[in-house]
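I have placed the structure first, in the form of structure tokens, so that the comments after it can refer back to it.
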Amino acid sequence: MSFGDPNNPYAQQPQGGQPAYGYPPQAPQGIPAQGGYAYPQQAYPGVPGYPGSPMPMPGGVKGARVILWILGILQALGGVVVIILGAVFASEFTDSSSSSSSDAAAALSVGFVIAGVVVVGFSLWPILTAAKLGKGRGGVRVSGIIYGSLQTFFAAASLIINIVTLNGLHESGGAPLLIALIPALISLGLGLWILFGLANSAAGEYFRRPQY
């Protein structure tokens with residue numbers, strides 16, 4: 001029995017033989033067909049369920065990152081202001097006729113400058129932590145948690161000191177007390193946000209994510 005031209009795609013093909021030209025290879029019996037052409041599965045960024053898709057940053061981590069940026073920049077600006085005040089203070093008392101007052105002013109201005117440099121250096125901690133939260137690992141998270149804990153501790157201590165100090169000033173009324181407590185309350189809230197934003201389980205899963 002003749003099967004015709006082997007190059008004719010419409011010709012009858014023998015059972016078990018090679019497929020005719022123009023037809024995709026057939027899968028053996030018992031194995032599901034893969035279609036005409038099989039391509040590897042691609043990763044779609046941001047789509048859950050696909051391998052290699054980046055994990056989105058949780059909202060708590062985003063909030064902590066913004067707060068770290070803000071606190072770091074404010075601390076850096078505050079340090080620069082302290083340095084400038086020290087320089088201005090030194091220049092004002094340099095021409096003093098009294099040598100003792102001039103020496104005291106010089107020592108005080110040096111203290112201002114050193115304190116400003118320390119504040120500027122300390123501001124690099126939250127700035128660098130915030131800059132590395134997007135691609136950092138667990139060490140960056142621990143750094144942010146420690147900073148948030150210190151922020152919360154000092155804010156709570158300042159709040160307690162202000163309350164104890166101002167409670168004795170009954171004649172001042174409640175308005176000055178409230179105004180004095182507002183900065184400490186804001187600082188306490190920011191520290192707690194950093195602490196809880198980086199210490200929860202969602203943040204832990206985010207910082208344990210695989211890196212591609």
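A search for side chain to side chain contact (heavy atoms under 4.5 Å, CB included) contacts involving Ala155 returns Ser187, Leu188, not counting sequence neighbours. Residues passing the side chain to side chain contact (heavy atoms under 4.5 Å, CB included) test with Ile161 are Thr165, sequence neighbours excluded. For Ala157, there are no side chain to side chain contact (heavy atoms under 4.5 Å, CB included) partners at least two apart in sequence or on another chain. The side chain to side chain contact (heavy atoms under 4.5 Å, CB included) check on Ala199 picks up Ile145, with sequence neighbours excluded. Every ring pair (Phe, Tyr, Trp, His ring centres under 6.0 Å) that Trp125 has, sequence neighbours left out, goes to Phe122, Tyr147.
A single hydrophobic cluster is not seen to contain both Ile67 and Ile127; linkage of ILVMFWY side chains at heavy-atom distances under 4.5 Å, directly or through other members, places them apart. Val80 and Val119 fall into different hydrophobic clusters, where Ile, Leu, Val, Met, Phe, Trp and Tyr residues are linked whenever their side-chain heavy atoms come under 4.5 Å apart, directly or through other members. Cluster annotation: Leu150 is connected to Ile194 through the hydrophobic network of ILVMFWY side chains, with a link wherever side-chain heavy atoms come within less than 4.5 Å. With hydrophobic clusters built from ILVMFWY side chains whose heavy atoms lie under 4.5 angstrom apart, Leu192 shares a cluster with Ile163. In the hydrophobic clustering of this structure, Ile146 groups with Phe207; members are Ile, Leu, Val, Met, Phe, Trp, Tyr whose side-chain heavy atoms approach within less than 4.5 Å, directly or through other members.
Applying the side chain to side chain donor-acceptor pair (under 3.5 Å) test to pairs two or more places apart or on separate chains, none has a residue in residues 60-70.
Put simply, the side chain of Tyr206 never gets that close to the backbone of Leu198: no donor and acceptor are under 3.5 Å apart. Side chain of Thr152 to main chain of Gly148: a donor-acceptor pair is present (N/O by atom type, distance under 3.5 Å, no hydrogens or angles). The backbone N or O of Pro126 sits nowhere less than 3.5 Å from a side-chain atom of Thr129 that would complete a donor-acceptor pair.
The line from CG of Leu159 to CD1 of Ile182 is 11.5 Å long, rounded to the nearest 0.5 Å. Met57 contributes atom CE, which lies 7.0 Å from atom CZ of Arg209 (distance to the nearest 0.5 angstrom).
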- Can you check side chain to side chain contact (heavy atoms under 4.5 Å, CB included) on Asn200 and Val61, steps first, answer last? CA-CA 9 Å; Asn200 56 34; Val61 180; 5.5 Å; no

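The two residues Ser123 and Gly72 come nearest to each other via the heavy atoms CB-O, 3.3 Å. Here the closest non-hydrogen pair linking Gly197 and Ala203 is O-CB, 3.6 Å. In terms of heavy-atom proximity, Asn162 sits nearest to Ala184 at ND2-CB, 4.2 Å.
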Validation: residues 106-118 side-chain donor-acceptor distances under 3.5 Å, sequence neighbours left out:
unit_1: Ser109; atom_1: OG; unit_2: Ala105; atom_2: O; d: 3.3
unit_1: Ser109; atom_1: OG; unit_2: Ala106; atom_2: O; d: 2.7

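Applying the 4.5 Å side-chain rule to ILVMFWY residues, one finds Val66, Leu74 in the same cluster as Ile70.
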